[in-house]
Amino acid sequence: MRILYSWLAEFVDGLPGAAELAKMLTERGVEAEVITPLAGAAGPLQAVKVQRRLPGDEAPFSYEVEGAGGKATTLASRAGNIPDGYTVLASTDAIPTLDELGIAPVRFPLCIPEGMAKADIEADCVIDFAVVSNRGDLLSHLGMAREAAVASGGAVKMPQVADAGSEPAGKDRPVIELPAPDLCPRYVGCYIGEVRIAPSPAWLAYRISLCGVAPISNIVDLSNYVLFELGQPLHTFDRELLHGAISARRAAVGEKFTAINHNEYTLNDSHLVIADAKHAVAIAGIMGGVDSEISAGTKGVLLESAFFTPRNIRVSCKRIGLQSESSQRFGRGTDPTMPPRAARRFIKLAEDIGAAKYIAGSMNDANVHEPGGNAIAFDCARINALLGSSFSDEQICGPLTSLGFTIDKTNGAMSATPPAWRHDIERWEDLAEETLRVNLFDALEARQLVIPLKSGRKEIHLEFIERAEDALLRMGAQQTVSQPFISPRRAAQFHGEGHSLVALLNPDSADQAFIPESLLPGMLAAAEHNRRHGQQPPLMLECARIFSTKPFASAEYFTQKPGTGEFHEQQALGLMFGDGFISPAYIAPDFSAQSPLFML
């Protein structure tokens with residue numbers, strides 16, 4: 001996650017310097033991988049003002065710029081979308097892009113917003129954080145600000161939002177349907193009018209470009225801005241291209257959809273789509289459709305701000321092979337209470353820059369999501385025992401409160417309710433981890449490790465297996481280890497069509513669909529392999545576990561009930577004799593009950 005330091009500083013007063021902040025957050029489990037100061041790239045460059053782009057449709061593009069002292073000159077750039085009037089940093093012969101400067105993977109120049117000087121740009125930096133998969137709340141400047149405030153002892157300041165949605169519902173209001181509440185329990189939609197599509201102001205382009213997204217137009221850029229700021233993905237539809245009610249429904253089997261990347265995707269009923277009365281207009285939480293995207297002629301907008309079930313977004317992305325900035329956040333879990341605030345933030349910014357105006361009374365918050373997390377009971381003594389620490393109750397409850405947890409102390413019992421944005425907190429051990437993370441590992445006292453020595457012996461069945469294998473190896477046997485899975489074709493070949501094999505829920509390939517209930521398929525494959533290579537051992541053995549959905553003939557097996565059905569497990573020994581097998585004379589006949597051969 002790319003975090004712009006100057007943007008983060010607006011959330012927390014008294015923020016430490018970038019290097020110190022990166023160190024503090026890394027110590028608390030939020031790893032800062034790279035700090036990219038802008039001074040190194042901006043230092044040798046000079047500020048110029050873009051007057052206009054000269055004719056030409058192929059890179060490098062030419063721009064007429066005004067340099068120091070009002071001197072006009074022509075500079076080349078790989079960026080083809082630099083708006084007129086922008087102040088950008090350039091060399092003597094070119095306007096370098098952020099990817100050329102090694103700052104961000106974006107083909108857009110390093111611009112200077114109004115009210116900022118080149119020195120302000122040089123003082124800024126980008127911190128790239130490695131966010132673990134279960135911390136989707138950190139994929140925004142607000143999320144990082146929460147962690148920075150806890151580390152530095154500051155408080156988080158929320159951005160201003162418009163006073164929209166509190167007024168009575170008007171006639172011009174989107175109709176929103178939630179026929180799949182298990183996949184989309186909350187959908188906020190409102191209408192934005194008087195839209196004027198234009199380039200974004202330089203301050204907005206500066207921030208989102210350094211976060212890794214190229215500016216497109218004011219309306220599209222504002223949705224990306226709110227995504228990077230609050231962690232809530234938004235989507236904007238051209239209102240005139242929509243028909244009837246908006247429905248967050250399951251796709252039909254075989255339904256076709258063309259996304260804004262102009263690729264067509266075939267969907268099924270496991271995918272969630274946003275649809276109007278005619279057809280799907282977006283793959284929910286992943287990407288919008290080409291039939292309703294914002295264009296230069298857009299005059300009205302339907303703004304979407306929703307909460308989607310994380311697991312469904314992750315699975316859908318894998319199945320259709322499509323990822324986006326939105327799906328990365330929805331797939332890891334967004335804050336279900338954030339959609340209305342994010343919509344009001346978009347409205348506030350859109351009206352401030354003169355891009356659009358909210359249509360009063362059009363806010364519709366279709367919400368069936370049950371608020372509040374589950375309270376997790378915990379005991380401070382138990383947390384200390386797990387961590388090997390001696391934290392006081394305040395050292396445990398204090399950090400949890402600062403992270404947004406609600407602590408309840410009733411009749412001596414303690415419980416903590418996680419904030420809505422923390423989907424990773426499920427049990428009391430997670431509370432222990434948060435306690436240690438905030439108090440730092442250095443708070444633990446060094447203690448001598450004491451491990452009591454214990455004597456023991458192998459389990460009886462393992463000891464027997466080893467004795468059996470040793471006896472057979474002394475007779476000249478060669479031991480094989482077969483693949484633990486077989487294909488549907490071999491399953492039908494060896495076990496018939498109505499077999500009782502245990503099927504894998506998520507096989508890596510079609511050849512690994514079943515677990516065999518016999519060692520025969522694997523041993524025959526090994527014998528065939530040996531034959532092709534001119535080898536024919538007189539005796540082969542394999543000792544492994546076999547599985548079946550039906551009970552085995554022998555009573556010696558285990559029954560497993562994992563929740564997806566019952567199956568049975570048994571240890572098996574397979575022997576395969578080749579030509580010329582002669583029992584070695586040096587093995588004395590032994591038919592006692594303790595003999596491995598007798599028991600076999």
Side-chain angles (χ1 to χ4, degrees), residues 1-43 98 101-105 110 113 116-159 203 206-213 225-231 328-329 332 335 395 398-405 419 421-422 424 433-444:
M1 175 64 194
R2 300 173 61 86
I3 295 294
L4 185 61
Y5 179 80
S6 60
W7 194 354
L8 187 67
E10 294 184 359
F11 284 87
V12 184
D13 288 332
L15 197 67
E20 178 62 21
L21 176 65
K23 177 177 179 293
M24 294 170 67
L25 292 181
T26 300
E27 290 175 337
R28 289 162 175 81
V30 183
E31 181 186 0
E33 288 189 310
V34 180
I35 301 178
T36 305
L38 302 187
L98 293 175
L101 294 172
I103 298 176
L110 182 56
M116 292 182 70
K118 181 187 175 186
D120 299 321
I121 302 297
E122 293 175 341
D124 209 351
C125 69
V126 176
I127 309 176
D128 203 344
F129 289 92
V131 178
V132 295
S133 60
N134 66 343
R135 290 299 305 272
D137 62 296
L138 297 180
L139 295 177
S140 67
H141 285 72
L142 172 60
M144 286 295 175
R146 294 188 184 110
E147 293 288 332
V150 172
S152 63
V156 176
K157 297 184 297 181
M158 295 295 291
W203 64 265
Y206 172 77
R207 288 186 169 182
I208 67 171
S209 62
L210 287 172
C211 286
V213 172
Y225 184 91
V226 174
L227 177 144
F228 288 125
E229 183 180 57
L230 301 180
Q328 288 183 23
R329 288 158 177 80
R332 297 185 181 193
D335 182 353
Q395 286 177 303
L400 294 176
T401 302
S402 66
L403 289 170
F405 290 77
W421 57 84
R422 290 300 298 272
D424 59 310
E433 180 183 354
E434 293 299 294
T435 300
L436 181 58
R437 193 171 64 82
V438 175
N439 283 294
L440 301 182
F441 287 90
D442 292 342
L444 298 179

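Quick caveat: nothing in here was measured; it's all calculated off a predicted structure.
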Apply the test side-chain contact (heavy atoms from CB on, under 4.5 Å) to residues I208 and L227: give CA-CA distance (whole Å), side-chain angles for both, the deciding distance (0.1 Å), then the verdict.
CA-CA 10 Å; I208 67 171; L227 177 144; over 6 Å; no
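- Side-chain atoms of R437 come within 3.5 Å of backbone N or O of R28 as a donor-acceptor pair.
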D137 and D335: side-chain contact (heavy atoms from CB on, under 4.5 Å), yes or no, with the steps?
CA-CA 8 Å; D137 62 296; D335 182 353; over 6 Å; no
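- A pairwise comparison of heavy atoms in A145 and V12 identifies O-CG2, 3.6 Å as the closest pair.
- Between K118 and E122 there is a salt bridge, with a side-chain nitrogen of the basic residue lying less than 4.0 Å from a carboxylate oxygen of the acidic one.
- Contact annotation: the side chain of R422 never approaches that of R146 to less than 4.5 Å [non-hydrogen atoms, C-beta and beyond].
- Of all heavy-atom pairs spanning G212 and R2, the tightest one is N-NE, 4.2 Å.
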Derivation and outcome, side-chain contact (heavy atoms from CB on, under 4.5 Å), residues F228 and L139:
CA-CA 7 Å; F228 288 125; L139 295 177; over 6 Å; no
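- No side-chain heavy atom of V132 sits less than 4.5 Å from a side-chain heavy atom of E31.
- Using the six-membered ring where Trp is involved, F11 and H141 have ring planes that are parallel, under 30° apart on the 30 and 60° scheme.
- For the pair Y206 and S6, the tightest heavy-atom approach, listed with the atom from each and the gap, is CE2-OG, 4.5 Å.
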Could you walk me through whether W7 and Y225 pass the ring-ring contact (aromatic ring centres under 6.0 Å, His included) check?
CA-CA 11 Å; W7 194 354; Y225 184 91; 4.6 Å; yes
Show me the donor-acceptor pairs, under 3.5 Å and distance only, between side chains in residues 17-26 and residues at least two apart or in other chains.
| residue | atom | partner | partner atom | Å |
| --- | --- | --- | --- | --- |
| K23 | NZ | E27 | OE2 | 2.8 |
| T26 | OG1 | A22 | O | 2.7 |
| T26 | OG1 | A32 | N | 3.1 |

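- Between P419 and L403, the shortest heavy-atom contact is CG-O, 3.8 Å.
- The shortest distance between side-chain heavy atoms of S209 and L110 does not fall below 4.5 Å.
- Counting all heavy atoms, side chain and backbone alike, I121 lies closest to P113 at CD1-CD, 4.1 Å.
- For D120 (side chain) and A117 (main-chain N/O), a donor-acceptor pair under 3.5 Å exists by modelled atom type.
- No side-chain heavy atom of M1 sits less than 4.5 Å from a side-chain heavy atom of Q328.
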After noting the C-alpha distance and the side-chain angles of V131 and M144, does the key distance pass the side-chain contact (heavy atoms from CB on, under 4.5 Å) rule?
CA-CA 10 Å; V131 178; M144 286 295 175; 4.0 Å; yes
N/O donor-acceptor pairs under 3.5 Å from side chains in residues 33-42, not counting sequence neighbours:
none

